[in-house]
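Proteins get letters first, then strands, A, B, ... in listed order; numbering begins at 1 in each. Computed from a predicted model, the values in this text were never measured in an experiment.
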Amino acid sequence: MILEVNESFDTFMPVPVRFRTLLHRFHVKESKQMPTIAATSSASKSFSPPTRPLIYLLETCKSMDQLQQVHCQAIKTGLNANPVLQNRVMSFCCTDDYGDFQYARHLFDEIPEPNLFIWNTMIRGYSRLDFPQLGVSLYLEMLRRGVKPDRYTFPFLFKGFTRDIALEYGRQLHGHVLKHGLQNNVFVHTALVQMYLLCGQLDTARGVLDVCSKADVITWNMIISAYNKVGKFEESRRLFLVMENKQVLATTVTLVLVLSACSKLKDLRTGKKVHSYVKNCKVESNLVLENALIDMYADCGEMDSALGIFRSMNNRDIISWTTIVSGFTNLGEIDVARNYFDKMPEKDYVSWTAMIDGYIRSNRFKEALELFRNMQATNVKPDEFTMVSVLTACAHLGALELGEWIRTYINRNKINNDLFVRNALIDMYFKCGDVDKAERIFREMSQRDKFTWTAMIVGLAVNGHGEKALDMFSNMLKASILPDEITYIGVLSACTHTGLVDKGRKYFLRMTSQHGIEPNIAHYGCLVDLLARAGRLKEAYDVIKNMPIKANSIVWGALLAGCRVYREADMAEMVVKHILELEPDNGAVYVLLCNIYAACKRWNELRELRQMMMDKGIKKTPGCSLIEMNGRVHEFVAGDRSHPQTKNIDAKLDKMTQDLKLAGYSPDISEVFLDVAEEDKENSVFRHSEKLAIAFGLINSPPGVTIRITKNLRMCMDCHNMAKLVSKVYNREVIVRDRTRFHHFKHGLCSCKDYW
DNA sequence: GTAGGGTTAG
């Protein structure tokens with residue numbers, strides 16, 4: 001084999017010509033063979049170039065080829081036993097990007113008594129190659145051969161550790177550190193702390209920090225960072241105060257970390273203290289620090305201060321802007337946020353997602369989707385956070401088509417389909433009434449967390465599969481996932497929607513006895529709902545009277561809903577009084593009482609109440625239904641005539657009335673309380689928003705396609721009857737998601753078994 | 001002739 005003289009090698013080295021020729025000759029002959037210590041020949045000592053040029057050559061080596069040439073030369077000339085030269089060769093092979101560790105290992109095996117440097121270098125080599133186990137073995141071999149570790153050994157050794165190796169050997173090696181008195185070396189100390197952090201032993205790491213009197217500020221930063229990562233923000237803050245006491249000088253990074261903790265804790269006081277640090281020039285400020293300050297003020301709701309910093313900045317980056325935007329969305333000032341968002345010089349996926357998410361948290365789902373469409377017109381690619389937000393919007397709107405499209409989009413664009421995304425998909429499918437698809441996602445998941453199970457339980461419950469939801473709950477417990485208070489809301493509502501009153505009561509008690517969850521107001525609401533819907537109004541009322549928390553309007557509302565179903569006008573009046581004490585302007589309550597008076601034919605009371613409502617200017621929340629068609633969400637309000645297809649919808653409604661009357665439909669106006677002639681009552685019922693949406697759906701989708709509707713209020717009796725008949729007469733599945741649950745209409749029946 | 005590390009926005 002002819003030596004390929006690398007051009008750079010050839011040109012940059014000031015090597016004497018004679019010397020270079022020799023190198024060539026040697027290499028040609030023996031390049032395939034691994035040189036050994038034993039190969040050192042005394043004969044070659046006759047030719048003895050000075051050691052220094054060889055070492056110099058080694059220092060300039062850029063590849064193994066070059067290194068081997070020089071090394072062979074050293075062997076040939078008997079200089080390879082020189083420890084400095086040996087160290088150089090080992091060091092190159094173990095640490096250089098082009099180093100060949102195997103070469104080092106062979107040389108190492110031939111060295112009778114490697115010095116500590118060589119041992120350290122070999123250990124470093126194993127760490128670099130991610131063979132921590134072999135590093136440990138080598139370290140133990142070193143001890144066996146009577147060589148003591150120094151301050152380099154442990155940093156090198158720990159550097160390559162994985163979590164498992166750290167767990168296995170960490171404590172023992174810590175003992176070695178102490179035995180050799182190396183614990184106060186700042187490098188060893190830092191490596192030790194890092195090793196413990198690597199395997200999640202935060203408390204031990206903290207202990208190591210605590211016993212060291214002169215720990216580096218960066219070690220403090222590492223621990224604070226670790227506390228932040230596991231959400232122990234109080235600890236982060238406390239550690240910062242300890243640092244102050246010990247007069248350890250904070251760096252900008254320390255302050256950024258502490259500010260991050262303050263944001264999460266909403267601790268304006270400490271946040272301001274950090275700010276004064278910066279103002280007093282105790283550290284040099286930078287962009288990251290200023291962003292962290294903005295974030296702290298924003299999360300504490302102090303947008304004026306946040307804006308003050310923002311405006312004073314010379315350089316702002318995307319993070320500065322995004323922080324301001326999300327600061328406003330968090331306060332619900334969505335339009336101000338949008339203003340800043342529109343002014344951003346550039347936007348990335350985080351900015352877009354922050355804004356989309358802002359709309360979602362303000363319950364402005366259609367605008368969230370609109371913004372997502374705008375985002376797609378840019379070349380900013382969404383990520384899994386964006387997907388979760390958009391799926392959430394789809395879920396709230398019942399936009400199944402778009403939700404499905406998002407799922408395809410995720411797969412096609414290789415967006416990280418993580419646990420959050422899958423959980424959001426499950427939720428979306430359930431909220432769109434597609435139980436099968438939700439279940440399929442669940443089955444295909446390899447990892448499931450509390451949110452997965454909870455989404456399944458709640459989703460099955462509201463879709464009318466109470467027993468399945470309860471099975472799910474017991475499977476969750478079998479999988480050793482602990483339920484939280486939301487899970488129990490799902491469990492209780494499974495019982496409610498299925499009428500399993502006694503089971504529900506049992507779960508309510510078990511929640512505290514078995515899982516230590518104290519029932520909150522929402523749980524009491526579920527319990528009252530459970531009893532009230534089953535007609536056990538007296539028991540429900542007893543629960544309210546005896547509960548340790550003061551009932552709110554939602555709890556009373558659950559009882560009121562029961563009064564409506566069972567036409568208990570007297571109790572209803574009492575309940576309404578309670579609600580109006582809490583919320584004098586609650587229009588929905590007046591409407592419910594109207595419904596009840598109408599259903600009980602108490603026309604005089606109804607008239608008086610109507611008058612009172614008019615005097616007080618209380619209006620009924622208009623019924624509103626959404627239906628998605630070809631990726632667009634169409635909105636219908638009761639009595640709506642604004643839709644472009646209104647004429648067709650009217651004609652279809654007329655036709656439907658005829659068809660359905662033949663099948664035995666008769667309008668049910670018992671819940672209509674408008675003080676009008678019977679015929680008009682019938683008309684107003686007939687323009688309820690879900691009927692408009694169903695008619696629209698029948699017109700615009702081919703036969704056999706399921707019609708899915710999302711409604712803001714509870715379905716009325718008449719619409720419910722009508723939907724059942726539509727499913728039978730036109731052989732169409734109709735799925736209506738109302739305020740509290742799903743109605744799956746099929747073959748003339750509803751999944752709620754008329755119990756809602 | 002060798003070493004190490006921390007940060008901000010959804």
Open item on the list: Students often mix this up, so state it plainly: with edges at 30° and 60°, are the rings of Phe240(A) and Tyr277(A) parallel, tilted or perpendicular?
Closed with: tilted
TODO: Over 60° means perpendicular and under 30° means parallel, so classify the ring planes of His71(A) and Tyr103(A), tilted if in between.
DONE: perpendicular
Give one of base, sugar-phosphate or nothing for [X], where a contact means two heavy atoms less than 4.0 Å apart.
X         : value
Arg151(A) : base
Asp348(A) : base
Asp295(A) : sugar-phosphate
Lys229(A) : sugar-phosphate

Task: Cation-pi geometry met for Lys343(A) and Tyr340(A) (6.0 Å, 45°) - done: yes
Open item on the list: Tell me whether Asn411(A) at atom CG has more than 12 heavy atoms from other residues, nucleotides or ligands lying less than 6.0 Å away.
Closed with: yes
Open item on the list: Donor-acceptor pair, distance only, cut-off 3.5 Å: does the side chain of Arg128(A) make one with the backbone of Asp96(A)?
Closed with: yes
Any idea which of [options] is nearest the [X] side chain?
X         : options                 : answer
Tyr152(A) : dG4(B), dA3(B), dG10(B) : dA3(B)
Val288(A) : dA9(B), dT2(B), dT8(B)  : dT8(B)
Val253(A) : dA9(B), dT7(B), dG10(B) : dT7(B)
Arg124(A) : dA3(B), dG6(B), dG10(B) : dA3(B)

Task: Pair Phe341(A) and Trp352(A), ring centroids less than 6.0 Å apart - done: yes
Open item on the list: So if I take residues 306-320 of chain A and measure heavy-atom distances to DNA chain B, which residues fall below 4.0 Å?
Closed with: Ile318(A), Ile319(A)
Task: Residue-level proximity of residues 173-197 of chain A to DNA chain B when a heavy atom falls under 4.0 Å - done: Asn185(A), Val186(A), Phe187(A), Thr190(A), Gln194(A)
Task: Heavy-atom donor-acceptor pair, Thr251(A) side-chain to dG6(B) base, under 3.5 Å - done: yes
Open item on the list: Would you say Asp150(A) and Thr153(A) are linked by a side-chain donor-acceptor pair, where the criterion is simply a distance under 3.5 Å?
Closed with: yes
TODO: Could you pull out all residues at least two apart from Asp109(A) that satisfy salt bridge (charged side-chain N to carboxylate O under 4.0 Å, His left out)?
DONE: Arg105(A)
